[in-house]
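Order of the sequence lines sets the chain letters (A, B, ...), proteins ahead of strands, with each chain counted from 1. Excluded from the calculations below are hydrogen atoms, water molecules and symmetry mates; all remaining heavy atoms, backbone and side chain alike, are included.
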Amino acid sequence: MEMTGGSCRFGLWYVHVWWKDDTVYQVRFSPEPLDGPVHPGIVRFLAGKTGDLSYLHSVATEPDHQYSDIYRRVRDIPYGKTSTYGEIAALVGTSPRLVGLAMKRNPTPLVVPCHRVVSVAGIGGFSPSVDIKEALLAMEKKNKLRLIQ
DNA sequence: AACGTACACTTAT
DNA sequence: ATAAGTGTACGTT
């Protein structure tokens, strides 16, 4: 498969995106830039100009993926809202810890908005840094009224 | 603080 | 191939 990769800024971080057309293969956060283009929809999302990434296809939700059930539920969480590991677990009939594991292994953050899954006790985890999760949630909170999908 | 949970992964049989 | 040991971006008591 012939995909292109590139990065754009989000705060102090670079967001690496590997994609082709409207299919996204990998998204990850890095302190280092990667030369190349990012899907314009993701650029707009990170700039707070849209909350709608529903037209993007992620490899994470393909039926053969180990956690596709979990990732599909997570995609249903609306912009500016959050759910918990336990709520997602109840929807698919598994344990909160497995949901946490699936989030850690999410190949396409943003497209599968794992940042909207928090713990009952606090914000939960995010790699490589929970700062990114906090920033994404703050951005969505700020923009949600303006960006009603 | 300890335990329960539902796995996944590694290492040892 | 199977089993045991260890680890998880959690939740409940």
Please evaluate residues A/Val118 and A/Lys133 with respect to the criterion side chain to side chain contact (heavy atoms under 4.5 Å, CB included), reporting the C-alpha separation (whole Å), side-chain torsions for both, the decisive distance (0.1 Å), and the verdict.
CA-CA 10 Å; A/Val118 299; A/Lys133 189 173 185 175; 4.2 Å; yes
Test A/Tyr55 against A/Asp22 for side chain to side chain contact (heavy atoms under 4.5 Å, CB included), laying out the working first.
CA-CA 7 Å; A/Tyr55 60 94; A/Asp22 283 342; 4.0 Å; yes
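For A/Ser129 against A/Trp13, the heavy-atom pair with the smallest separation is CB-CZ2, 3.7 Å. Among all heavy-atom pairs drawn from A/Phe126 and A/Cys114, the shortest one is CE1-SG, 3.9 Å. The heavy-atom pair separating A/Thr84 from A/Val117 by the smallest distance is C-CG1, 3.8 Å.
We find that CD1 of A/Ile70 is positioned 18 Å from P of C/dT8, with the value rounded to whole Å. For the pair A/Met103 CE and B/dA8 P, the interatomic distance rounds to 14 Å; values are reported in whole Å. Going from atom CG of A/Leu137 over to atom P of C/dA9 covers 18 Å, rounded to whole Å. When the C1' atom of C/dA9 is taken as reference, atom CG of A/Asn106 falls 11 Å away, rounded to whole Å. The distance from atom NZ of A/Lys104 to atom P of B/dA8 is 14 Å, rounded to the nearest whole Å. We find that CD1 of A/Ile88 is positioned 14 Å from C1' of C/dA9, with the value rounded to whole Å. Per the geometry, CD1 belonging to A/Ile123 stands 11 Å off C1' belonging to C/dA9, to the nearest Å.
Judged by distance alone, the side chains of A/Asp52 and A/Ser54 do bring a donor and an acceptor atom under 3.5 Å apart.
Between A/His65 and A/Tyr67, the two ring planes are tilted [angle within 30° to 60°].
Pairing for C/dA9 is absent, judged as Watson-Crick or G-U wobble with the two contacts each under 3.5 Å. The base-pairing partner of B/dT5, taking Watson-Crick or G-U wobble contacts with both distances under 3.5 Å, does not exist among the strands shown.
Listed candidates were C/dG11, B/dA8, C/dA9. Nearest to the side chain of A/Phe126 is C/dA9.
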Using a cutoff of under 3.5 Å, can you pull out all pairs of nitrogen or oxygen atoms linking the protein to nucleotides 5-7 of chain B, with atom names and distances?
residue: B/dA6; atom: O4'; partner: A/Ser95; partner atom: OG; Å: 3.1

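Under 4.0 angstrom from either OP1 or OP2 of B/dC9 there lies at least one side-chain N or O belonging to A/Arg105.
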